[in-house]
Amino acid sequence: MIEQILLSQREPPVISELVRVECASALAWWVHMDELDETQANRIESTFHDDVREGRFRLVAPNSGVFERAMRWLLTRPTT
């Protein structure tokens with residue numbers, strides 16, 4: 001269903017550089033929790049990287065306010 005929505009759009013979805021960091025973090029966490037193995041995580045990361053490179057997403061830099069808000073949000077959350 002999500003794929004159909006994305007494919008039906010005229011313009012590629014806009015994502016922030018923060019999305020790339022969050023994807024890497026999620027993959028690392030899933031490997032750490034043994035929900036994915038390294039091969040699976042690498043395949044997902046490679047596919048995502050290819051999608052960004054091929055223009056399936058429009059990559060934008062977060063403005064300083066967004067970056068600061070995201071950093072503050074993460075620093076106030078427990079990590080375990």
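As the structure is a prediction and not an experimental result, all values here were calculated from the model. Heavy-atom basis, side chains included; hydrogens, waters and symmetry copies ignored.
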* Got a sec: does the CZ of Arg58 have more than 12 other heavy atoms crowding it under 6.0 Å? ->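 Result for CZ/Arg58: open.
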* To do: Decide if atom CD of Glu54 counts as having more than 12 heavy atoms of other residues, nucleotides or ligands within a radius under 6.0 Å.
  =>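 Yes, enclosed.
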* Asked: Taking only residues two or more places apart in sequence or in another chain, which ones pass side chain to side chain donor-acceptor pair (under 3.5 Å) with Gln9?
  ->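 Side chain to side chain donor-acceptor pair (under 3.5 Å) check on Gln9 returns nothing, list empty.
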Over all heavy atoms of both residues, which pair between [X] and [Y] is shortest? Give the atoms and the distance, please.
{"X": "Gln40", "Y": "Glu35", "answer": "OE1-O, 4.4 Å"}
{"X": "Val31", "Y": "Ala41", "answer": "CG2-CB, 3.5 Å"}
{"X": "Pro62", "Y": "Val66", "answer": "CB-CG1, 4.0 Å"}

* Rounded distance (nearest 0.5 Å) linking atom CZ of Arg20 with atom CG of Leu18 ->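 These two atoms lie 11.0 Å from each other.
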* Distance (rounded to the nearest 0.5 Å) between Glu38 CD and Arg43 CZ ->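 Glu38 atom CD to Arg43 atom CZ measures 12.5 Å (nearest 0.5 Å).
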* same_hphob_cluster(Phe67, Leu75) at 4.5 Å side-chain heavy-atom cutoff ->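 The answer is yes; both residues are in one hydrophobic cluster.
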* Is Leu27 linked to Met33 within one hydrophobic cluster, defined over Ile, Leu, Val, Met, Phe, Trp and Tyr using a side-chain heavy-atom separation of less than 4.5 Å? ->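 They do share one cluster, since a chain of ILVMFWY contacts under 4.5 Å joins Leu27 to Met33.
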* Check step by step if side chain to side chain contact (heavy atoms under 4.5 Å, CB included) holds for Leu59 and Ile15. => CA-CA 5 Å; Leu59 195 58; Ile15 62 171; 3.8 Å; yes
* For the pair Ser25 (side chain) and Val21 (backbone), establish whether a donor and an acceptor sit closer than 3.5 Å, ignoring hydrogens and angles. =>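 No; judged by distance alone, with no hydrogens or angles, the pair does not exist.
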* For Asp34, enumerate each residue passing the side chain to side chain contact (heavy atoms under 4.5 Å, CB included) test, keeping only those at least two apart in sequence or located in another chain. =>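 So Asp34 forms no side chain to side chain contact (heavy atoms under 4.5 Å, CB included) with any residue.
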* **Test applied, side chain to side chain contact (heavy atoms under 4.5 Å, CB included); reference residue, Ser46; option that passes from Ile44, Asp50, Asn42** =>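 Going through Ile44, Asp50, Asn42 one by one, the side chain to side chain contact (heavy atoms under 4.5 Å, CB included) with Ser46 is satisfied by Asp50 alone.
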